Each structure stands twice: as structure tokens, then as C-alpha cells.
Amino acid sequence: MPSPLSAMPSLGLGTWQAPPGQVNQAVCDALELGYRHVDCASLYGNEAEIGAALQRAFQSGLVQREELWITSKLWNDCHAPEQVRPALLRSLRDLGLEQLDLYLIHWPVVHRHGVLMPERASEQIPLEQMPLQDTWRAMEALVDEGLVREIGVSNFSAIKIDSLLQHARRRPTVNQVERHPWLQQNALLGYCQHQGIQLTAYSPLGSSSSNGQPSLLDDPVICAIAEEHRASPPQVLLAWGLATGTAVIPKSVHRDRLASNLAALRLQLSHSDLDRIAALDRHHRILDGSFWELPGGPYTRANLWDEA
Ligand SMILES: NC(=O)c1ccc[n+]([C@@H]2O[C@H](COP(=O)([O-])OP(=O)(O)OC[C@H]3O[C@@H](n4cnc5c(N)ncnc54)[C@H](OP(=O)(O)O)[C@@H]3O)[C@@H](O)[C@H]2O)c1
């Protein structure tokens with residue numbers, strides 16, 4: 001029996017912050033270049049434009065639906081079990097699809113329905129009031145109905161997955177989390193591998209570094225390894241993610257970068273390269289969850305990540 005995820009290509013296209021007016025062309029370029037996995041989310045506000053690109057690719061005969069792996073995610077304001085199916089149907093409508101390959105709970109964080117980004121604690125709902133296991137049951141029903149092939153989670157700690165597994169009828173097949181050489185998440189990766197859960201690395205290039213933070217792309221060790229292989233730093237970062245057993249979903253809206261990122265599939269790092277990169281871990285989160293910490297609210301970075 002092949003594992004359920006045997007069809008998920010290990011390198012996919014990220015679409016967060018892929019702006020309207022550009023994302024259609026980016027998806028078309030990516031498909032032409034050979035990408036077969038697109039990572040979407042209703043929150044990104046661009047699923048309709050991605051859907052238009054997919055339809056264009058189907059109609060031109062570039063790809064068939066069965067060749068693609070399309071992921072979307074349930075936003076935090078739709079965790080109430082009765083909201084899960086309507087949210088999925090909106091994503092399917094926007095993407096122009098009858099079925100998703102993978103649907104993820106985007107964050108283990110709940111907002112009042114209709115609140116995209118809460119500004120005050122009263123717009124948040126504690127997990128005790130809206131348990132993840134109840135949302136998960138509604139996700140399981142989507143598989144039963146054939147609307148999605150696989151379900152999974154995102155930004156979940158091992159503790160949260162463990163508690164979900166106590167009640168789950170279907171196991172999550174993916175946990176999508178931030179991962180790159182500065183945030184290697186070895187304990188979580190080991191846990192997911194032990195549980196047979198695929199870890200997908202988001203922000204594998206360190207996301208966009210417009211906020212004045214040091215950029216992973218300038219890390220001297222990454223740059224040196226890139227030079228030794230006549231490769232680029234992004235290719236080294238992606239090859240590292242692949243070599244360490246994760247899927248990677250780099251985002252770009254530029255055709256040359258899309259091509260170069262995809263070519264990371266052919267870059268083989270040596271054991272010594274992997275050892276040098278292993279030493280770079282500094283538990284540096286870019287998306288650290290502080291945006292869910294509101295005065296008097298139920299969420300803190302400590303209880304989000306289950307870390308002291
Ligand atoms: N589940 C979650 O909570 C979650 C959170 C964050 C992200 N994600 C998913 O993961 C995907 C990837 O993460 P991300 O978008 O945060 O960051 P990323 O893929 O690590 O980095 C994207 C940034 O790198 C630039 N870039 C891409 N290729 C490059 C190259 N070859 N050379 C130089 N710069 C390059 C992009 O710019 P250009 O586009 O201008 O090329 C963009 O600014 C997202 O798009 C989304 O699908 C999921």
C-alpha cells in the first residue's frame with residue numbers, strides 16, 4: 001500500500017503575500033516550470049486568482065487536475081464545527097475545484113466568526129470553549145464526504161497533536177510549521193516522523209525580510225556552502241529541508257526564482273554540509289505567534305507553542 005501522501009510533491013509553491021495581479025502569472029509560470037503542488041489558504045485572499053490560473057492550465061492542457069496537489073487551510077474564525085464545511089466550500093469555489101488534496105487547520109487559535117485578525121481579547125475564543133477536537137471531527141467529515149483527500153494541521157506542537165490523536169478517527173497526515181536552519185524544530189520533526197505525520201516546512205527561505213531583521217539568505221555558512229556547490233543560498237536552504245525529510249513550499253512571484261527554487265530538487269548536500277547547517281539552529285521564529293497575544297486574551301506564545 002502506498003502511503004496516503006505518496007502523491008504530495010516534496011517541493012511546492014507558497015502563495016502567502018503573492019499579490020493580486022501577480023499571483024495568476026506566478027502560478028501559471030510555476031506550473032509551466034513543473035511545479036505540481038500549490039499551498040493556498042483562504043486567509044491569503046488570492047484563492048480566486050489562483051483558481052483562474054489553475055483553470056487556464058487545465059483548459060490549455062498543460063496539466064490535468066489529477067497531477068496536482070492543492071492544499072488550503074481553515075481560517076481561525078471558522079473553527080466552530082458548523083463553519084468548517086462552508087469555509088471549505090468557499091475555498092473550493094474560489095479555486096474552481098471539486099476536491100482538495102489537503103485541508104489544514106491553519107492555527108490552533110480561535111477567533112469569533114467574521115474576525116480575520118483580532119484586535120482585542122473579546123474577539124478571541126479560548127480553546128477550552130472551542131476545542132480543537134471538535135473542529136477536527138468536522139474536518140474528518142469532509143474526508144468522509146469526499147470533499148478533501150487528506151486533512152492535517154498547521155502550527156501545532158507535539159502536545160497538541162498528541163491530544164488530538166486521543167480523539168481522532170483520522171490521523172492528521174501533515175503538520176505544516178515554520179522550519180529553516182535557524183529554527184530546525186528537531187524534536188517536533190522527530191515526533192512527527194515517529195507518528196507517520198509529514199512535516200511541511202513553511203518560510204523555508206526565512207520569509208520576506210523587509211522588517212530590518214538579518215536575512216537567512218545572507219547567513220555566511222549557507223552562502224559558503226552555496227558557493228562550494230555553485231548553487232544559490234535559496235537552493236541550499238531548500239535542499240537542506242528536503243534532505244532532512246520535510247516538504248518545502250517556497251513562495252516567489254518571479255519566474256527566474258521559481259525555476260531556480262525548483263532546481264533545488266537536484267542539489268545533493270554532503271554529510272559535512274548537513275553537519276555545518278545543523279550547527280546554525282538558534283530557535284529563531286519569524287512568525288512567533290506574538291500577534292495572537294492580546295491583553296487579557298487566552299493566547300500566549302508559551303501556550304501556543306507549548307514551550308516554556
Ligand atoms: N501555515 C502557516 O501558518 C504558514 C505561514 C507562513 C507561510 N506559509 C506558507 O509557506 C509559504 C512560504 O513561506 P513564506 O512565504 O513565509 O516565505 P519563504 O518562501 O521562505 O520566502 C518568500 C520570500 O523569499 C523571496 N524569494 C523567493 N525565492 C527567492 C530566491 N530564489 N531568491 C531570493 N528571494 C527569493 C520571495 O520574494 P519574491 O516573491 O519577490 O520572489 C519572498 O519575499 C507561504 O507562501 C505559504 O504558502 C504557511
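In this text, all values refer to a predicted model and were calculated from it rather than measured experimentally. Numbering starts at 1 and runs along the sequence shown. Counting convention: from 1, in listed order, for ligands and their atoms alike.
Between R285 and E178 there is no salt bridge, since none of the side-chain N atoms of the basic residue sits less than 4.0 Å from a carboxylate O of the acidic one.
Taking every non-hydrogen atom of Q176 and a distance limit under 4.0 Å, the qualifying atoms of ligand 1 come out as 1 (N), 2 (C), 4 (C), 8 (N), 9 (C), 48 (C). With ligand atoms numbered from 1 in the order given, ligand 1 contributes 5 (C), 6 (C) to contacts under 4.0 Å with heavy atoms of L287. Distances below 4.0 Å separate heavy atoms of H106 from the following atoms of ligand 1: 1 (N), 2 (C), 3 (O). In summary, the atoms of ligand 1 found under 4.0 Å from a heavy atom of H254, numbered by their order in the structure, are 38 (P), 40 (O), 41 (O). Ligand-side atoms of ligand 1 in range of S207: 14 (P), 16 (O), 17 (O), 18 (P), 20 (O), 21 (O), 23 (C), range being under 4.0 angstrom from any heavy atom.
Side chain of S10 to backbone of A247: no donor-acceptor contact under 3.5 angstrom is found. In terms of modelled atom types and a separation under 3.5 Å, the side chain of Q124 and the main chain of W292 share a donor-acceptor contact.
Of all the heavy atoms of P204, the ones lying under 4.0 Å from any atom of ligand 1 are found in both the backbone and the side chain. Only the side chain of N155 comes within 4.0 Å of ligand 1, counting heavy atoms alone; its backbone N, CA, C and O stay farther away.
Distance CG/L280 to CG/L183: 12.5 Å, rounded to 0.5 Å.
The residue among W107, W16, Y202 with a heavy atom at the shortest distance from atom 8 (N) of ligand 1 is Y202.
No more than 12 heavy atoms of other residues, nucleotides or ligands sit less than 6.0 Å from atom CZ of R230.
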